[in-house]
Every structure is written in C-alpha cells, then in structure tokens.
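Shown next, in structure tokens, is the structure this report addresses.
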Amino acid sequence: MSQTTLEPAATASEAPAAPRRPHWTAVVETLLIVAGLARLVWGQQVAVVADGVDRLNSISVLLTDGRLNNSEYSIMGPLFSTPLWLLGKAVATPEAGIKYFNLVVFTLGLAALWLLLRGLVPGALIRRFMLITVAASLLPPDVGHYGSETFTMMGVMVGIVVVVRGRRRGWGWAAAVVGVVNTPATVVGFGVVGLAETWRHRRLRLLVPVAVAAALILLEILARKGGYVGDRGAKDVMPFSGRPGFSYPFFFGVLAILFAFGRGIVWYLPGMFLPMRRALADLDGPVGIDLARIHRLWLLFVGGLVVVYAPWWAWYAGMSWGPRFFLAGILPAALALALRLGHRQAGLGANLLTLAVLLLSSWIGLNSLFWHELWPTACFNTPQSVEALCWYSPEYSSLWYPWCPGSSPT
C-alpha cells in the first residue's frame with residue numbers, strides 16, 4: 001500500500017477542526033507505558049539463564065583474557081553489553097549488570113521508535129502501539145533473560161524504520177546488520193527484506209547490507225570455530241526427533257510454527273494476522289511516513305524466520321515461554337492492533353475481531369509476565385519422551401496451563 005498522505009488542513013472558515021483528545025488521556029497512556037516498563041524490571045525474575053550463560057561466559061573470556069572462545073552463540077550482542085558487564089563487576093559481579101541488558105536494549109529501542117515516529121504519526125497511535133508492545137505481548141520472559149532475540153529484534157526493526165523514514169538510511173542498514181549478526185539464522189529474514197527493497201527501488205546495491213551481514217557471520221564462525229554443526233536433539237517418541245541440524249520436514253515445521261498450541265505464532269502473535277489496510281486509510285491524523293511499508297517489511301522479516309526455522313530440529317526454541325525465535329513479531333502485531341483500535345469507521349464484525357485479539361493479547365502479556373517460569377511437570381520433570389506435550393497439546397500450552405487443575409505458579 002502506498003504512503004498515506006493528507007491534504008493541507010482546511011481553514012476554520014472552511015471546516016471545523018477535528019476534535020482533539022483530552023490532554024489527560026495522553027498523560028495516562030504515557031504513565032501506563034512507564035509503569036509497564038517498570039513492571040518488567042520488578043515484576044518478574046531477571047537473570048542470566050539458559051543460552052545467556054554461554055553468552056556471559058563469552059564476553060567474560062573476551063574482557064578478562066582478551067580472547068574469543070569457541071561458543072556457538074554470536075559475540076555481537078554481548079559486545080554491546082560491555083558497559084553493564086563492567087558496571088556489574090565494579091558493584092558486585094558481572095552478572096549483576098549483564099542481567100539487565102535486554103531491558104536496557106528494549107527501552108532504548110522503544111525510545112528510538114518514538115523519536116523516529118514523533119511528528120510523523122499521530123501521538124495517540126504511537127502510545128497505543130507502545131502500550132500494547134509493553135503490556136500485551138510475549139515480551140517479558142525474553143527481556144528478563146540474557147538471550148539474543150531482544151537485541152536482534154530492536155536492531156533489525158528499528159533499522160527498518162530508519163530506512164523507510166529516508167534519513168540516514170546507512171545507519172538503519174547498519175543497525176539491522178548488527179542485529180542480524182547477533183542471531184545468524186535471521187540473515188534469511190533480512191535477505192527477504194533486502195530483496196523486497198531491491199525490487200521496489202530496482203537497485204542491486206540494496207543487497208549489500210545482506211551480503212555484509214552474511215560475511216560477518218561467516219567470519220565469526222571461522223574465527224571462533226563455532227556454529228551449529230552436528231547440533232541435534234534427543235531421540236524420543238516423535239517421529240523426526242534425534243536428527244541433526246536442518247532435518248525437520250519443512251511442511252510439518254511450518255504447520256507447527258503457525259498452529260502448534262504451545263508455540264504457534266497464530267496463538268502467541270495474533271495481531272500479526274489482523275488486516276490493517278482500512279484502518280490505515282482512515283487514520284485520524286497526518287501521517288508523514290509510510291506505515292504500510294514499515295509493517296510489510298516487518299512481516300517479511302518474520303516470514304523469513306518462519307522459512308529458516310521450519311526445518312530446524314529445535315523449531316520450538318527449547319525450554320522457553322512461547323515462540324521466542326519470533327519475538328520480532330510483537331512489533332507488527334502491536335502496530336496492526338493499535339491501528340485497528342483507533343479505527344472509528346469499522347463495522348461490528350471488524351470490531352469484534354479486534355476485541356478478541358486485544359483480549360488474547362492482554363492475556364498473553366499477563367501470562368508471560370507472571371507464569372513464564374511455570375513448567376508443566378509432565379513435560380520437563382520426566383523423561384524427554386513427553387516433552388512434546390508442551391509444543392502441541394492445548395492443556396500443556398504455556399497459554400492455557402495456568403487454567404488447568406493442579407497448576408500453580410509456585
């Protein structure tokens with residue numbers, strides 16, 4: 001869809017000015033966003049766990065011994081956490097500072113989006129978008145840990161906004177490259193974005209950032225003898241388990257990533273599937289940036305992730321709350337939902353659909369904040385042969401298990 005533009009505003013004698021929202025509404029919405037960010041810090045466990053332990057070890061080895069270890073995880077994101085590592089070490093331990101890295105990255109990324117969109121998009125839409133991102137998404141577990149997804153999401157998605165905005169595009173591409181190198185598999189999604197921009201502008205040079213990202217990924221793998229060569233899961237009752245690397249049937253991988261009750265993005269990122277063209281066309285206020293293009297490129301990036309992770313043996317992202325590989329999807333999901341919530345001309349059916357997605361998204365945010373450490377015993381405290389219950393069964397889905405008899409957050 002082409003960029004939405006409006007004609008110059010009519011004079012007072014020609015037409016009455018559009019009613020403005022009360023100032024207190026903006027104040028309340030802003031306070032709710034701040035409260036949501038604070039809740040992410042003090043409302044959940046903030047710690048270095050799982051893959052984050054390896055990343056902390058990598059940056060610690062680099063800063064203390066001056067060498068790179070052979071970790072399979074990229075050093076790119078941890079490099080940017082160096083100030084927090086040094087601060088934590090000065091106060092207590094490196095982990096004391098590092099554990100807040102993703103919270104800092106997310107907050108700075110959100111602030112960058114506000115600065116980039118301010119004056120180009122109605123303030124009410126920006127605040128709705130940010131409030132949904134903070135309080136009605138699967139964000140909390142990822143920003144509370146030292147994983148790679150938050151850094152990659154903010155680098156790529158903010159970078160795309162910079163590119164679309166048209167000023168300092170080089171900085172936008174650079175931010176996206178850094179984010180992609182931090183999570184190498186995302187180079188496929190980035191490649192899809194690069195191809196889309198190349199097709200739009202008919203300029204092959206727009207593929208250069210993709211080539212740079214791929215080269216940096218390869219260089220790091222060679223320098224650290226890292227990568228996922230030979231990586232595989234345990235053999236269990238599932239018919240395709242125990243195979244290495246990208247050996248999972250692509251068809252079943254796509255079905256699972258989309259619809260599996262415990263990991264499917266249809267259930268965990270419902271706003272991503274909302275149509276928003278009419279809401280964007282009827283937007284109440286001037287738009288100086290192509291929101292449709294931003295949304296489309298964000299979706300293309302996430303679509304590329306579906307393609308690359310579908311054949312991966314661990315498409316479900318291991319022991320995590322929801323589909324953490326697709327965390328970047330919270331931004332296009334939040335944007336579409338924010339637009340539809342402000343669509344005053346929508347019909348009854350459209351409003352009911354928006355309400356259903358809003359309610360589900362709110363439950364996702366609440367659940368991921370308070371119950372993301374609640375692992376069903378049947379999945380994880382018994383032999384791995386039943387771990388797949390948490391990927392496919394609705395009763396053992398992270399979304400619905402808190403409603404089951406006998407579940408408890410303690």
Side-chain angles (χ1 to χ4, degrees), residues 51 55 58-59 62 67-82 101-102 105-106 108-109 112-113 116 147-229 245-246 290 293-294 296-309 312 325-329 331-332:
D51 300 349
R55 292 185 174 87
S58 293
I59 191 63
L62 180 62
R67 63 180 178 86
L68 289 172
N69 63 7
N70 294 333
S71 172
E72 61 190 8
Y73 304 111
S74 175
I75 195 66
M76 180 62 76
L79 278 175
F80 283 83
S81 68
T82 298
F101 176 62
N102 280 336
V105 168
F106 174 72
L108 291 177
L113 287 172
L116 289 167
S148 68
E149 288 78 20
T150 301
F151 185 87
T152 294
M153 171 181 69
M154 284 306 182
V156 175
M157 304 309 237
V158 172
I160 287 174
V161 175
V162 174
V163 169
V164 174
R165 195 169 186 262
R167 296 181 182 177
R168 298 184 175 89
R169 288 191 181 96
W171 287 105
W173 287 118
V177 167
V178 168
V180 167
V181 174
N182 183 56
T183 309
T186 62
V187 71
V188 176
F190 190 42
V192 176
V193 171
L195 287 172
E197 287 295 279
T198 298
W199 178 263
R200 174 185 174 86
H201 297 284
R202 302 297 194 272
R203 295 178 180 176
L204 287 175
R205 70 184 185 186
L206 294 176
L207 290 176
V208 170
V210 181
V212 170
L216 290 174
I217 290 169
L218 180 60
L219 180 63
E220 182 177 4
I221 290 175
L222 294 175
R224 305 180 70 190
K225 299 182 176 64
Y228 288 86
V229 178
F246 294 90
D290 194 342
R293 182 178 163 206
I294 290 173
R296 181 169 59 251
L297 292 177
W298 281 355
L299 287 181
L300 286 174
F301 178 72
V302 178
L305 300 187
V306 174
V307 171
V308 72
Y309 283 118
W312 180 242
F325 287 162
F326 304 96
L327 185 70
L331 294 180

**OP:** Find out whether W298 and I294 are in side-chain contact, i.e. whether some heavy atom of one side chain is under 4.5 Å from a heavy atom of the other.
**Re:** yes
**OP:** State, with a plain yes or no, whether a side-chain heavy atom of M154 is found less than 4.5 Å away from one of L108.
**Re:** no
Subject >> Smallest separation among heavy atoms of P209 and L206, with atom names >> reply: CD-O, 3.3 Å
**OP:** Decide yes or no for W312 and V308: does some side-chain heavy atom of the first lie under 4.5 Å from some side-chain heavy atom of the second?
**Re:** no
Original post:
If every non-hydrogen atom of M153 is compared with every non-hydrogen atom of L331, which pair is closest and at what distance?
Top reply: CG-CD1, 4.1 Å
**OP:** Could you tell me whether the side chain of T82 and the main chain of L79 form a donor-acceptor pair under 3.5 Å?
**Re:** yes
Subject >> Test item: F151 and V178 side chains (from C-beta on) under 4.5 Å apart, heavy atoms >> reply: yes
Subject >> Taking every non-hydrogen atom, the tightest pair across P332 and L299 >> reply: CB-CD2, 3.8 Å
Original post:
Just how far is it from atom CZ of F190 to atom CG of L297, taken to the nearest 0.5 Å?
Top reply: 10.5 Å
Subject >> Closest non-hydrogen atom pair between P78 and R55, with its separation >> reply: CG-CB, 4.0 Å
Subject >> Aromatic ring pairing F325/Y309, orientation class (parallel under 30°, perpendicular over 60°, tilted between) >> reply: parallel
**OP:** Mind listing the closest non-hydrogen atom pair of G159 and A175 along with its distance?
**Re:** CA-CB, 4.3 Å
Subject >> Single hit among V210, I160, V180, V163 for side chain to side chain contact (heavy atoms under 4.5 Å, CB included) with V193 >> reply: I160
Original post:
S74 and E220: which non-hydrogen atoms are nearest, and at how many Å?
Top reply: OG-OE1, 2.9 Å
Original post:
Would you say L62 and I59 make side-chain contact, with heavy atoms under 4.5 Å?
Top reply: yes
Original post:
So, S148 versus N182: side-chain donor-acceptor pair below 3.5 Å or not?
Top reply: no
Original post:
Looking at side-chain heavy atoms only, is the closest gap between S71 and S58 below 4.5 Å?
Top reply: yes
Subject >> Separation between CG of L222 and CD1 of I217, rounded to the nearest 0.5 Å >> reply: 12.0 Å
Original post:
Is any side-chain heavy atom of E197 less than 4.5 Å from a side-chain heavy atom of W173?
Top reply: yes
Original post:
Between L305 and V188, is any pair of side-chain heavy atoms under 4.5 Å apart?
Top reply: no
Original post:
Can you tell me how far the CG atom of D290 sits from the CZ atom of R296, to the nearest 0.5 Å?
Top reply: 6.5 Å
